[in-house]
There are 2 protein chains.
Amino acid sequence: MTTASYTIGWLARAGGVGVETIRYYQRRGLIETPSRQGPAGSGGVRRYDEKDVRRLRFIRSAQAAGFTLEQIGELIELDAGKDRARARELAKERIAALDEKIADLDRARSVLKKLARDCASQAGNPCPILAAFEGPGSRPR
Amino acid sequence: MTTASYTIGWLARAGGVGVETIRYYQRRGLIETPSRQGPAGSGGVRRYDEKDVRRLRFIRSAQAAGFTLEQIGELIELDAGKDRARARELAKERIAALDEKIADLDRARSVLKKLARDCASQAGNPCPILAAFEGPGSRPR
DNA sequence: ATAGGTTCCGTACCATGGTACGGAGTCAAG
DNA sequence: CTTGACTCCGTACCATGGTACGGAACCTAT
C-alpha cells in the first residue's frame, strides 16, 4: 500500500506547475478539492494523491493537444461516463483541427527554414522577411 | 498603373479580418495609418494599398507560424533593415519551437486516433480518456 | 439633397489561462 | 515551543489578441 499523500506544493511540483495553477484548476472544477486532514478542531491541510497527479498530468497533456480547459472539463466528465459517442466526437474534431494546425506549422517551418538560409549569407541576396511568407496563406488561431 | 486603393473595410476583407482588427494592428504599430485623403477642408478617409494588404497577410501568416504580435513588429522592422543576424536568430528560434510543437501535436494526434478507435465499439473495451494520455507527457503553451 | 452605409476615434469590454498579494492558520525541525 | 516554511482563501491583477460601442464626420447612390 503506497498511499503516499502530497501537499498542494508537491502536487504542483509533480505536475510541473505552480501552486496557484492548481488552485486555479480547482476553481475551474478540473481538480477536486479534498477535505482538510488534521486533528479535530484544527483546520489541517488538504492532501492529494496519485489520482490527482494523474488528473493534473492529463490536464497538461490535453492542453498540449489543443483542448481548452473547458473541453478538458468535459473530457473528465466523459471519462467517468457512458457517452462514448460524445467522446469520439470530441476526439475526431480535435484530430481534424490538429491536422490543419500541423499542416500550417509545417508550411511555416519550411518558410522559416528558407528564410534562415537566405539570411545566412553575409552579403549578396537579400533576406526579405515579408516576401518569404507570401503565397501559402494560412490563418492563425 | 494599377494603383487601386482600399478603404479600411476592403483592406479588412482582403485580409480576412474585421475592421476593428486592422485598427488594433495600427494601434500596435504593425500597420501604418495613412493620412486622410479628401478635398481640402473635409476630413476625408484613409486609403490603403497593395502594400498594406501584403503587410496584413504577412501578419496573419506570421501569427500562424507562432510569432507573437510583438515579434511580428520586430520582423517588420527587420525586413526593412540590415540586421540579418537577428532575423536569422528569430527564424531559428521559431523553427526550434515549431519542431517541438509539431512533435507534441503529432503525439497528441496519435493518442486521439487511438482514443477515437477505442470509443468506437458499441460495447466491449472501455474508452478511457484519462488513461489514453498517460505516458507521453508534453507541456502545453 | 438626403438617406444609408462607412469611416473615424476614443474608450470599454471580452475570453483564456494564468500569476500575485496578503493576512491568518498550520506544520515540522531544531 | 519557537521559528521558518508552507497552506488556505479571497480578491486583484496580468498578458495576449482581439471585439464592441457610440457619436460625429464622411461618402455614395438615388
Side-chain angles (χ1 to χ4, degrees), chain A residues 5-49 52 56 58-76 97 139-141, chain B residues 5-49 52 56 58-76 97 139-141:
Chain A
S5 87
Y6 304 83
T7 63
I8 198 172
W10 282 92
L11 176 59
R13 255 161 269 140
V17 304
V19 166
E20 297 305 323
T21 302
I22 304 284
R23 294 200 204 284
Y24 174 66
Y25 291 162
Q26 289 177 324
R27 267 178 266 138
R28 298 277 314 232
L30 301 179
I31 289 182
E32 279 160 48
T33 303
S35 57
R36 288 174 167 218
Q37 302 291 324
S42 83
V45 115
R46 302 187 192 285
R47 301 211 150 252
Y48 302 84
D49 60 19
D52 298 302
L56 178 53
F58 166 71
I59 294 169
R60 304 302 279 178
S61 299
Q63 269 187 307
F67 288 103
T68 64
L69 293 185
E70 178 155 4
Q71 292 172 319
I72 292 171
E74 193 179 351
L75 289 174
I76 288 171
R139 335 111 207 89
R141 289 306 79 193
Chain B
S5 88
Y6 304 84
T7 63
I8 198 173
W10 282 95
L11 175 59
R13 256 162 268 142
V17 303
V19 166
E20 296 306 323
T21 302
I22 303 286
R23 294 200 204 283
Y24 174 66
Y25 291 162
Q26 290 178 323
R27 266 177 266 138
R28 299 278 313 232
L30 301 179
I31 289 182
E32 279 161 48
T33 302
S35 58
R36 289 173 166 218
Q37 302 291 324
S42 83
V45 116
R46 300 187 192 285
R47 302 210 150 253
Y48 303 83
D49 59 19
D52 298 302
L56 177 54
F58 167 70
I59 294 169
R60 304 302 279 179
S61 300
Q63 269 187 308
F67 288 103
T68 64
L69 293 184
E70 177 156 3
Q71 291 172 320
I72 291 171
E74 193 179 352
L75 289 174
I76 288 171
R139 335 108 207 94
R141 286 307 77 186

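In what follows, chains are A, B, ... by sequence order, proteins preceding strands, each numbered from 1.
- Atoms OH (Tyr24(A)) and P (dA15(C)) sit 12 Å apart, rounded to a whole Å.
- OP1 or OP2 of dG18(D) has at least one side-chain nitrogen or oxygen of Gln63(B) nearer than 4.0 Å.
- Minimum interatomic distance between Gly18(A) and Ala12(A) (heavy atoms only, all atoms of both residues): C-CB, 3.8 Å.
- Put simply, CG on Leu69(B) is 9 Å from P on dT16(D), counting in whole angstrom units.
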How would you summarise protein contacts on nucleotides 5-14 of chain C per nucleotide, using B for base, S for sugar-phosphate only and - for none, with heavy-atom distances below 4.0 Å? --SBB-----
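- Candidate nucleotides dG18(D), dG17(C), dT16(D) were compared by shortest atom distance to the side chain of Glu70(B), and dT16(D) ranks first.
- The two residues Thr7(B) and Tyr48(B) have their closest heavy-atom pair at C-CD1, 3.9 Å.
- For dT19(C), one of the phosphate oxygens OP1 or OP2 lies less than 4.0 angstrom from a side-chain nitrogen or oxygen of Thr21(A).
- In this structure, CZ of Phe67(B) is placed 17 Å from C1' of dG17(D), rounded to the nearest angstrom.
- Rounded to whole Å, atom C1' of dA20(D) lies 16 Å from atom CD1 of Ile22(B).
- Between the CZ atom of Arg28(A) and the P atom of dT19(C) there is a distance of 14 Å, given to the nearest Å.
- Closest non-hydrogen pair, Pro34(B) versus Gln26(B), comes out as CD-NE2, 4.3 Å.
- Side-chain contact of Arg60(A) with Gln63(A): a donor-acceptor pair under 3.5 Å is present, judged by distance alone.
- Taking all atoms of both residues into account, the shortest heavy-atom contact from Leu30(A) to Ile72(A) is CD2-C, 4.3 Å.
- Other residues, nucleotides and ligands contribute more than 12 heavy atoms inside 6.0 Å of the CD atom of Gln37(A).
- At dG18(D), one or more side-chain N or O atoms of Tyr25(B) fall inside 4.0 Å of OP1 or OP2 (strictly under the cut-off).
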